[in-house]
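Data first, discussion second: the structure below is written as structure tokens.
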Amino acid sequence: MSIYADEMRQTAQAMVAPGKGILAMDESNATCNKRFAKLGIPTTEERRRAYRELILTTPNLSEFISGAILYDETIRQSSQAGVPFTQVMQNAGMIVGIKVDTGAKDLAACPGEKITEGLDGLRERIAEYYQMGARFAKWRAVITIGEPIPSPTCIETNAHALARYAALCQEGGLVPIVEPEVLIDGNHSIERCYEVTDQTLQAVFTQLRLQKVAFDQMILKPSMVISGLECPVQATVDQVAEMTIQVLRNNVPASVPGIAFLSGGQSNQRSTEHLNTMNVKYGALCPWRVTFSYARAIQQPALEYWAGHDANIPAAQQLLYHRAKLNGSASLGKYDPAMEKQTVLV
Ligand code: 13P
């Protein structure tokens, strides 16, 4: 058992405390720059820093955000006033998280499929991040649906890597967020998404068990079971909620403290509605907390409003706070679409 077991159990519980979710703001420089470029924001280290400061200094964000996942560049940065972001977060009552994978690369011999890298030197990087104040980590595996993929090779190799990452995290005191993302891209049906998500979660939990990962000291970050973006028949919110909870109940041990979904390219409102419906209709059946770990579905309105201009920071922060609040409500099954229109002071 890890010497950090008690601390990690407490951290995992705090990450999914009632009414709270985890903010993903760990876009790599390449991804962050892509989103900046679309809005005409300079793709510089300073603008990335300024944007992350905007997020982390949003007043009262910790009412709905238990912790945030940072990128390696961000965890080493400071506010304009010179306070390290790790300290800014601790002062605001948010737990520091860190993305530790180094990205999804082409999987040899498997055209169109990816394997996530980052295991080399991971033990040492975990030790450094723990020293810097991080208490949880994230690793994202990517599963693509197509014809005839995903291959068993892709599912098994990614599951194996996720479990190696998770075991190393627990050895070093970081709660692993285990993120197997089944991509929303494609014209597949929701039934096909269910089948692939089921196979993926089976493989992931088999590997986690085999590699002695403690289920009560981890968080699962799955994608929802959903129709492909280009599927002519789009499932209803009720169908997504029902099939997502079903696949999770079939695969996720009750001792996992929480499930925190990614948004994966769904619209902001849909991401919130799906989460809310899962909690309203099936909350009583779920042994784990069901919440969010969104990036785009929380950040997008704030990023667009800010658009790189410091004068827009206070209003952008209100937009961020508002989306965090809506998702916090959804994690309790207390969201109402009418809340979307609640005026924010912009
Ligand atoms: P999205 O919510 O934008 O899908 O991002 C979540 C995440 O952390 C992806 O790794």
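All ligand and atom numbering here is 1-based and tracks the order in the structure. We're numbering straight along the sequence, starting at 1.
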Just distances here: any N/O of [X] and N/O of ligand 1 closer than 3.5 Å?
X      : answer
Ala24  : no
Glu179 : yes
Glu181 : no

Just to be sure I'm reading this right: ignoring hydrogens, which of Gln300, Lys221, Arg296, Gln266 gets closest to atom 8 (O) of ligand 1? Compare them by their nearest heavy atoms.
Lys221
With distance as the sole test, does Thr277 use its side chain to make a donor-acceptor pair with the main-chain N or O of Ala241 at under 3.5 Å?
no
For the pair Lys221 (side chain) and Ser293 (backbone), establish whether a donor and an acceptor sit closer than 3.5 Å, ignoring hydrogens and angles.
yes
Tell me the protein heavy atom at minimum distance from [atom], and give that distance in Å.
atom                    : value
atom 1 (P) of ligand 1  : Ser263 OG, 3.3 Å
atom 5 (O) of ligand 1  : Ala295 CB, 3.2 Å
atom 4 (O) of ligand 1  : Gly264 N, 2.6 Å
atom 10 (O) of ligand 1 : Lys138 NZ, 2.5 Å

Answer yes or no for Gln299: is there a heavy-atom contact with ligand 1 below 4.0 Å?
no
Lys99 near ligand 1, heavy-atom distance under 4.0 Å?
no
Excluding sequence neighbours, so at least two apart, what forms side chain to side chain contact (heavy atoms under 4.5 Å, CB included) with Ala330?
Thr272, Leu275, Asn276, Tyr335
Atom CZ of residue position Arg9 - does it have more than 12 heavy atoms of other residues, nucleotides or ligands inside 6.0 Å?
yes
So side-chain hydrogen bond (donor to acceptor under 3.5 Å, both in side chains) across residues 92-105, not counting sequence neighbours, yields Lys105-Glu117
Would you check if there is a donor-acceptor pair between the side chains of Gln217 and Ser2 at a distance under 3.5 Å?
no
Lys/Arg-Asp/Glu bridge criterion (N-O < 4.0 Å) met for Glu63, Lys325:
no
